[in-house]
S.K.: 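Dropping the structure in here first, questions after.
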There are 2 protein chains.
Amino acid sequence: MAMQAGLGRRGPAEAGRMEVLNAAATVFMERGFTATSVDDIAEVLGSTKGRIYHYYRSKADIFLDVLTLSMLDLLDRIRPIAERRDLPPDERLHAAARMHAVVMMTQSARSRVAVQGTEMHLMQEAGTKQRRVLQAFVDMRDEYEQYFADIVADGIREGIFRDVPPRLAAKPILGALNWINMWYRPRPDSDIDKIADEFATFVVNGLRPFD
Amino acid sequence: MAMQAGLGRRGPAEAGRMEVLNAAATVFMERGFTATSVDDIAEVLGSTKGRIYHYYRSKADIFLDVLTLSMLDLLDRIRPIAERRDLPPDERLHAAARMHAVVMMTQSARSRVAVQGTEMHLMQEAGTKQRRVLQAFVDMRDEYEQYFADIVADGIREGIFRDVPPRLAAKPILGALNWINMWYRPRPDSDIDKIADEFATFVVNGLRPFD
DNA sequence: GTCTATAATTTGATAGAC
DNA sequence: GTCTATCAAATTATAGAC
């Protein structure tokens, strides 16, 4: 036990495991899944493979854990925002988009890897257990996207957003925000808050009617 | 000769070469650079490696050619739009965004790989010639992005767009559009024109002032 | 728990027949 | 111009010492 992916919602794993996880996330973020070797991860850890394979059965299992934790983190952050029914939909969407943008810019490796999750199809030949974890990730991503779609739907109902299929409308919103991790690199003088504000305004206004 | 990457602006390559290129683009698009083996490409070609290595010196060279052709194609498409100074900036941006969205959805493999070009850092250890081609690609991408930034700047000058740094404004625009290739898959009933229109409207409105 | 081999496989690239 | 080996290197994963 404690050897497979899917710690998922079952609480914090032991410390050694988390160290491996974080080191792996760093490298996965930089090079992607395939281009990352287990030796690369070990190097970041300042150890050898032995340590990694003590905690994880395979490279894919590590990757899946990174994905899982990232999505759980994002879900934890979006829920309190989605529940703020006191805010009008445009302000709620602004808050949600802002949060997402900030996470893209500030979160250490982990939260960024989730975006790259596209590479997952590399593991389609993987075993049943891995496919189950992968499906769990996809489900969480859909759930996350649905939060945005729901806010959009609210805004349409109230007449402050254009009438577009909410689920489709969520795509360019999350696209504009997720894309941040393709170009943004932390710099001493980069103003994360300003960028997040501007991007949040951009996606909210994108849904507003014109004329 | 005819063995290296960088056919670039030097006109159409011979047919055999293009066949290799298109097959490679297909697989690169699906699996990314690292996860694609030369044997995979050969399989799509219905041949063996020998044929591929007759035209290309390395896998990286093929990838660079795919990137180059994709960007040249996009540049060819954006220029006539950018030059239409008869159109007001918002309509020009709409046309440019629409074009880009359509390319993301319709272009065969080639044009989609350019977006994935992020994986290029995988080749940073590559030789001088490859780095030069890679730099040429980055330059073209910057040039392409600049066309969008210029349209935004025009719109700001005319007071129809919010006052944001044009280059920064181009990021969520291209993010929303590029992200299409992460989720869109061709389907018989999917209405490309409708989606492209909606996304173009979304990014144009995103820049408009509110209140 | 972590390390040092090392096995087993994959893969980029080459050589040489046809 | 394409194919059939085949090499050399990298890489995932395991075994067993400490």
Side-chain angles (χ1 to χ4, degrees), chain A residues 1-5 7 13-24 27-28 30-66 119-127 129-130, chain B residues 1-5 7 13-25 27-28 30-66 119-127 129-131 133-134:
Chain A
M1 57 167 203
M3 279 296 210
Q4 66 231 0
L7 50 92
E14 62 273 48
R17 205 178 159 83
M18 288 298 291
E19 262 181 86
V20 172
L21 199 65
N22 286 326
V27 197
F28 282 145
E30 283 171 4
R31 317 190 197 188
F33 176 76
T34 324
T36 297
S37 76
V38 179
D39 281 323
D40 290 337
I41 301 173
E43 195 187 329
V44 170
L45 271 172
S47 75
T48 67
K49 287 195 268 248
R51 186 156 153 204
I52 293 170
Y53 281 107
H54 172 70
Y55 291 102
Y56 282 98
R57 195 182 293 278
S58 75
K59 190 175 80 161
D61 281 333
I62 310 175
F63 191 68
L64 289 173
D65 258 14
V66 175
E119 297 182 88
M120 297 170 311
H121 51 68
L122 305 175
M123 319 191 294
Q124 271 170 356
E125 315 137 4
K129 193 178 297 174
Q130 284 175 357
Chain B
M1 60 167 202
M3 279 296 212
Q4 67 231 0
L7 51 92
E14 64 273 48
R17 202 178 161 83
M18 288 298 290
E19 261 181 86
V20 172
L21 200 64
N22 287 325
V27 198
F28 282 144
E30 283 172 4
R31 316 191 197 189
F33 176 76
T34 325
T36 297
S37 76
V38 179
D39 281 321
D40 290 337
I41 301 173
E43 196 188 328
V44 169
L45 272 173
S47 75
T48 67
K49 285 196 270 246
R51 185 154 152 206
I52 294 170
Y53 281 106
H54 173 71
Y55 291 102
Y56 282 98
R57 192 183 296 277
S58 74
K59 190 175 80 160
D61 281 332
I62 310 175
F63 191 68
L64 288 172
D65 258 14
V66 175
E119 297 181 89
M120 297 170 310
H121 52 67
L122 305 175
M123 319 190 295
Q124 272 171 355
E125 315 137 5
K129 192 179 297 175
Q130 283 175 358
R131 245 201 309 281
V133 179
L134 186 52

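Numbers restart at 1 for each chain; the letters A, B, ... are given by sequence-line order, proteins then strands. Please read all numbers here as calculations on a predicted model, not as lab measurements.
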S.K.: To the nearest 0.5 Å, tell me how far B/D61 CG sits from B/L21 CG.
M.R.: 11.5 Å
S.K.: Test side chain to side chain contact (heavy atoms under 4.5 Å, CB included) on B/I62 and B/F28 and set out the steps.
M.R.: CA-CA 10 Å; B/I62 310 175; B/F28 282 144; 4.2 Å; yes
S.K.: A/R51 CZ to C/dT2 C1': how many Å, rounded?
M.R.: 8 Å
S.K.: Please encode protein proximity along nucleotides 6-18 of chain D as a string of B, S and -, counting only heavy-atom distances under 4.0 Å.
M.R.: ------BBB----
S.K.: Measuring from atom CG of B/L64 to atom NZ of B/K129, what distance do you get when rounded to the nearest 0.5 angstrom?
M.R.: 12.0 Å
S.K.: Whole Å only: how far is the OH atom of B/Y55 from the P atom of D/dC3?
M.R.: 11 Å
S.K.: Indicate whether OP1 or OP2 belonging to C/dC3 is found under 4.0 Å from a side-chain N or O atom of A/T48.
M.R.: yes
S.K.: Quickly work out the A/I41 CD1 to C/dT2 P distance and round it to whole Å.
M.R.: 15 Å
S.K.: Rounding to an integer number of Å, can you tell me how far B/I52 CD1 sits from D/dT2 P?
M.R.: 11 Å
S.K.: Whole Å only: how far is the CD atom of B/E19 from the P atom of D/dG1?
M.R.: 12 Å
S.K.: Once rounded to the nearest 0.5 Å, what's the spacing between atom OG1 of B/T34 and atom NZ of B/K59?
M.R.: 6.0 Å
S.K.: Atom CD1 of A/I52 and atom OG of A/S58: how far apart are they, to the nearest 0.5 Å?
M.R.: 11.5 Å
S.K.: Between the side chain of A/R17 and the main-chain N/O of A/Y55, is any donor-acceptor distance below 3.5 Å?
M.R.: yes
S.K.: Write down the distance between CZ (B/R31) and C1' (C/dT10), rounded to a whole number of angstrom.
M.R.: 14 Å
